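Working notes, beginning with the structure itself.
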Amino acid sequence: MPELPEVETVVRGLQLVLPGRRILDVRLGKTDFMDDPAAIERELPGKRIATVRRHGKFIVLRLEAADDEKGELLLLVHLGMTGQLITCPAEAPVLPHTHAFFSLDDGRELRYTDIRRFGRMQLIASGERADVLGGLGFDPLEASEPEFRATLAARRAQVKALLLDQHVVRGMGNIYTDESLWRARIHPRRMAAKLNRAEFGRLYRAVQRVLTEAIRSRGSSVSDYVDAEGQRGEFQLKHRVYQREEKQCFRCRARIRRIIVAGRSSYFCPSCQRAPRGGNARRLRVGVRKRGR
DNA sequence: CTTACGGCCTGGGTGC
DNA sequence: TGCACCCAGGCCGTAA
């Protein structure tokens with residue numbers, strides 16, 4: 001599941017090979033994850049890739065304007081849950097569920113593969129950048145501790161919900177939220193506004209450390225994630241709580257538990273990460289679950 | 001405005 | 001062997 005460290009790893013890989021390359025041809029398979037596939041087919045051929053950047057979980061390819069055209073274009077790629085953006089020789093075998101092929105002027109191809117197609121691909125004018133990406137929150141690796149604390153403390157929501165909210169913090173997902181909260185010894189259901197200064201300090205440092213170490217390990221491959229060369233990451237070997245229900249806590253040996261917080265599976269140590277007082281955790285609604293379809 | 005929650009998209013894995 | 005169901009993350013609509 002690509003979150004900030006996985007997207008950062010993909011972007012660093014693409015930065016080694018894409019800048020300066022010209023896109024010769026575009027071939028598309030299923031296009032329901034693109035907001036305007038015709039524009040991608042029409043506009044990309046002939047364009048030169050200038051830069052590759054990450055913004056939160058978005059990959060941003062900046063395309064140089066042709067001489068006779070007005071502005072630069074940005075190709076935004078969001079990998080969703082199972083998206084892969086890979087470069088390979090044009091003759092390399094095609095993975096199943098590959099839905100976009102961009103042939104390059106060096107005999108290689110940039111390909112987008114996505115089993116679930118929860119990803120997104122969108123072409124925008126660089127002038128629209130603020131409209132599309134401007135609403136995202138701060139980057140957790142760029143924020144200072146005071147900014148981190150002030151932003152979260154101003155909100156009345158559970159700390160996990162805020163860390164997951166891309167409009168508050170851009171780039172965190174379920175894995176790194178749970179891993180950071182465990183390292184900071186903070187229960188996912190704690191109200192952010194009620195954390196004290198020491199807890200904010202621990203959380204800030206935990207987020208930075210977890211993300212930095214995960215980037216160094218080239219991300220977590222728990223299902224389909226691979227980097228720009230198709231290689232798996234290794235940070236899943238260093239997870240302390242994520243998907244470790246019933247296993248022993250690395251700190252205190254208590255059993256890791258799984259609960260739903262902010263609508264997401266949340267793994268934590270009930271001993272190291274104490275539940276909030278006053279039963280924030282109590283309302284377990286026993287309702288009839290509707291199963292559709 | 002903010003927050004909480006349910007539903008939707010898709011298909012691999014699981015368990016019967 | 002087949003098949004129904006669960007679940008993943010982001011986003012959006014709705015309710016309070």
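The structure displayed is predicted, hence computed values, not measured ones. Each chain gets a letter, A, B and so on, in the order the sequences are listed, and its residues count up from 1.
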Residues which pass side chain to side chain donor-acceptor pair (under 3.5 Å) with A:H99, listed by chain and number, not counting sequence neighbours: none
With the threshold set at under 4.0 Å for non-hydrogen atoms, list the residues of residues 116-135 of chain A touching DNA chain B in residue-number order. A:R116, A:R117, A:F118
Upstream residue (5' side of DNA chain B) when A:A262 and A:K30 are each assigned their closest nucleotide: A:A262
With a non-hydrogen cut-off below 4.0 angstrom, is A:S265 in contact with a base, only sugar-phosphate, or nothing? sugar-phosphate
In the hydrophobic clustering (ILVMFWY, side-chain contacts below 4.5 Å, transitive), which residues join A:I259, or is it alone? A:V261, A:F268
Value in whole Å for how far the C1' atom of B:dC5 lies from CG of A:L164: 15 Å
Quick one: is A:H97 getting a side-chain N or O under 4.0 Å of the B:dT10 phosphate, OP1 or OP2? no
Atom pair distance, as rounded to whole Å: CD1 in A:I115 and P in C:dG9: 15 Å
Nearest to side-chain heavy atoms of A:Y242, which nucleotide of C:dC7, C:dC11, C:dG9: C:dG9
Spacing of A:L163 atom CG relative to C:dG9 atom P, expressed in whole Å: 15 Å
Between atom CG in A:D35 and atom C1' in C:dC11, what is the gap in whole Å? 14 Å
Consider only side-chain N and O atoms of A:E3 and A:Y225, and report whether a donor and an acceptor are under 3.5 Å apart. no
Using heavy atoms to find the nearest nucleotide of DNA chain B for A:R264 and A:A157 separately, return the residue whose nucleotide is more 5′. A:A157
Which is true for A:Y225 with a 4.0 Å heavy-atom rule: it touches a base, it touches only sugar-phosphate, or it touches nothing? nothing
Tell me, which pairs form a salt bridge (charged side-chain N to carboxylate O under 4.0 Å, His left out) where one or both residues lie in residues 116-133 of chain A, sequence neighbours left out? A:D32-A:R117
Should side-chain heavy atoms under 4.5 Å link Ile, Leu, Val, Met, Phe, Trp and Tyr, which residues sit in the same cluster as A:F58? A:V60, A:L74, A:L76, A:I124, A:V132, A:L133, A:L136
Non-neighbouring partners of A:R156 that pass side chain to side chain donor-acceptor pair (under 3.5 Å), sequence neighbours left out: none
Go through B:dT10, C:dC11, C:dG9 for me and flag the one nearest to the A:M81 side chain. C:dG9
Result for side-chain hydrogen bond (donor to acceptor under 3.5 Å, both in side chains) between A:D178 and one of A:K160, A:H239, A:Q243, A:Q273 points to A:K160
Spacing of A:F33 atom CZ relative to B:dC9 atom P, expressed in whole Å: 17 Å
Atom CD of A:Q166 and atom P of C:dC12: how far apart are they, to the nearest Å? 12 Å
Rounded to whole Å, CG of A:L95 lies from P of B:dG12 at a distance of 13 Å
Most 5' of A:F58 and A:Q243 on DNA chain C, judged by nearest nucleotide: A:Q243
From NE2 of A:H78 across to C1' of C:dA8 the rounded distance in Å is 14 Å
